[in-house]
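Chain naming here is simple, since letters A, B, ... match the order of the sequence lines and numbering starts at 1 in each.
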Protein chains: 2
Amino acid sequence: MLAIGTLAKRTGTKVQTIRYYEQIGLLPEPGRTEGGQRRYGNADLDRLAFIRHARQLGFTLEAIRELLNLSDNPSRSCAEVDVIAHRQLKEVEARIARLEALRTELKRMLRECSRETISDCRVLEVLRDHGACLADHQTGA
Amino acid sequence: MLAIGTLAKRTGTKVQTIRYYEQIGLLPEPGRTEGGQRRYGNADLDRLAFIRHARQLGFTLEAIRELLNLSDNPSRSCAEVDVIAHRQLKEVEARIARLEALRTELKRMLRECSRETISDCRVLEVLRDHGACLADHQTGA
DNA sequence: CTACAAGCTACAGTAGGTAGAGGTTCAAGC
DNA sequence: GCTTGAACCTCTACCTACTGTAGCTTGTAG
Ligand SMILES: [Zn+2]
Ligand SMILES: [Zn+2]
Ligand SMILES: [Zn+2]
Ligand SMILES: [Zn+2]
């Protein structure tokens with residue numbers, strides 16, 4: 001049985017985060033020592049490793065909760081799992097698209113600035129006036 | 001003079017957001033009617049438009065606060081402004097790089113899944129084991 | 001048997017807002 | 001001049017996904 005600190009080290013998680021996951025019901029309440037300290041088994045280790053890995057791939061805790069629920073019935077079709085992963089992929093792609101538009105505009109602002117005074121700084125000029133801006137953040141996205 | 005709702009419409013901001021910006025000192029306290037309602041002038045309109053546009057380009061409220069302070073002395077060099085914009089560009093580029101790694105891995109997971117049962121779902125398999133994953137999220141980034 | 005690291009609970013704070021309750025004011029229409 | 005109701009007001013709580021602190025207790029190595 002592992003103490004919370006050991007579990008934390010093995011999974012690269014902060015101790016508080018583990019207690020937080022328990023609080024929101026993502027990790028089950030573990031057994032306790034007589035003195036009240038948490039003790040974890042290998043199932044907890046696997047579950048937490050799964051959560052952390054999914055977090056690193058950008059899944060929300062809600063999505064992870066669904067994935068964990070689904071993985072409890074091994075004989076079911078994985079269609080729902082794939083739907084969640086696909087949704088996550090779309091989410092990531094949308095964020096990339098948005099960030100690429102920002103990158104383009106930021107680069108342009110900086111390229112066009114003549115590095116003189118504040119009063120003719122191109123960066124501030126663009127920020128003051130979306131008309132001088134080529135990004136399409138006004139219309140959706 | 002504009003009521004808060006009019007200002008909100010003209011800048012595409014929620015009324016609560018305007019009050020929030022005032023609360024954190026990003027917008028100055030405006031004049032009030034006898035009954036206590038806020039009334040705004042054109043300077044407020046410009047300042048809020050600047051804030052919203054900078055937000056759309058991904059600047060944090062802290063960065064925006066600095067930009068607004070800098071833009072108050074028109075004769076100074078714009079070097080500091082450009083540093084902030086450059087920092088923001090780097091930030092955006094870092095996020096893009098990270099998201100692209102996630103995108104690649106999510107796509108791969110989905111491509112490799114044979115869409116049968118949960119027990120052999122490739123998506124869950126990869127989530128359970130970073131060894132089966134090609135993303136480099138463990139090491140930094 | 002004693003230190004003290006590590007555990008415990010409870011609460012506050014982060015960014016950047018958003019939502020609602022419950023009460024007041026403004027302005028248009030009659 | 002009076003009524004009505006949309007818009008305003010303050011205050012509080014909530015969102016995600018944690019992180020940090022205070023003050024106290026427990027476990028374990030030497
Ligand atoms: Zn400049
Ligand atoms: Zn723009
Ligand atoms: Zn699958
Ligand atoms: Zn991985």
Exercise. Name the nucleic acid region contacted by B:R65, choosing base, sugar-phosphate or nothing; use a 4.0 angstrom heavy-atom cut-off, strictly under.
Key: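 If one applies the 4.0 Å heavy-atom cut-off, B:R65 turns out to touch nothing in the nucleic acid.
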Exercise. Could you tell me whether B:Y21 contacts a base, only the sugar-phosphate backbone, or nothing, with contacts defined as non-hydrogen atoms closer than 4.0 Å?
Key: sugar-phosphate
Would you indicate whether the side-chain heavy atoms of [Y] and [X] approach each other to under 4.5 Å?
| X | Y | value |
| --- | --- | --- |
| B:I64 | B:L61 | yes |
| A:E91 | A:H86 | no |
| A:R47 | A:Y21 | no |

Give a yes/no on whether any side-chain N or O of [X] is located under 4.0 angstrom from OP1 or OP2 of [N].
| X | N | value |
| --- | --- | --- |
| A:R39 | D:dT26 | no |
| A:T33 | D:dG27 | yes |
| B:T17 | C:dT18 | yes |
| A:R38 | D:dT26 | no |

Take the protein atom [atom1] of [X] and the nucleotide atom [atom2] of [N], then report the distance between them rounded to whole Å.
| X | N | atom1 | atom2 | result |
| --- | --- | --- | --- | --- |
| B:E22 | D:dT10 | CD | C1' | 12 Å |
| A:R52 | D:dC18 | CZ | C1' | 9 Å |
| A:R19 | C:dA10 | CZ | P | 11 Å |
| A:Q16 | C:dC11 | CD | P | 17 Å |
| A:Q23 | D:dT19 | CD | P | 14 Å |
| A:M1 | D:dT28 | CE | P | 13 Å |
| A:I4 | D:dT19 | CD1 | P | 13 Å |
| A:E34 | C:dG7 | CD | C1' | 16 Å |

Which value, rounded to the nearest 0.5 Å, describes the distance between [X] atom [atom1] and [Y] atom [atom2]?
| X | Y | atom1 | atom2 | answer |
| --- | --- | --- | --- | --- |
| A:C133 | A:R108 | SG | CZ | 6.5 Å |
| A:I96 | B:L99 | CD1 | CG | 5.0 Å |
| A:E62 | A:R65 | CD | CZ | 4.5 Å |

Quiz item: What is the minimum heavy-atom distance between A:A8 and A:V15, and which atoms define it?
Solution: CB-CG2, 3.8 Å
Quiz item: Does B:R32 or A:R55 map to a spot on DNA chain D nearer the 5' end, using the closest nucleotide for each?
Solution: B:R32
Practice problem: Runs of at least three consecutive Watson-Crick or G-U pairs, both distances under 3.5 Å, are what I'm after; which ones involve DNA chain C? | Solution: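 Runs of three or more consecutive pairs: C:1-30 with D:1-30.
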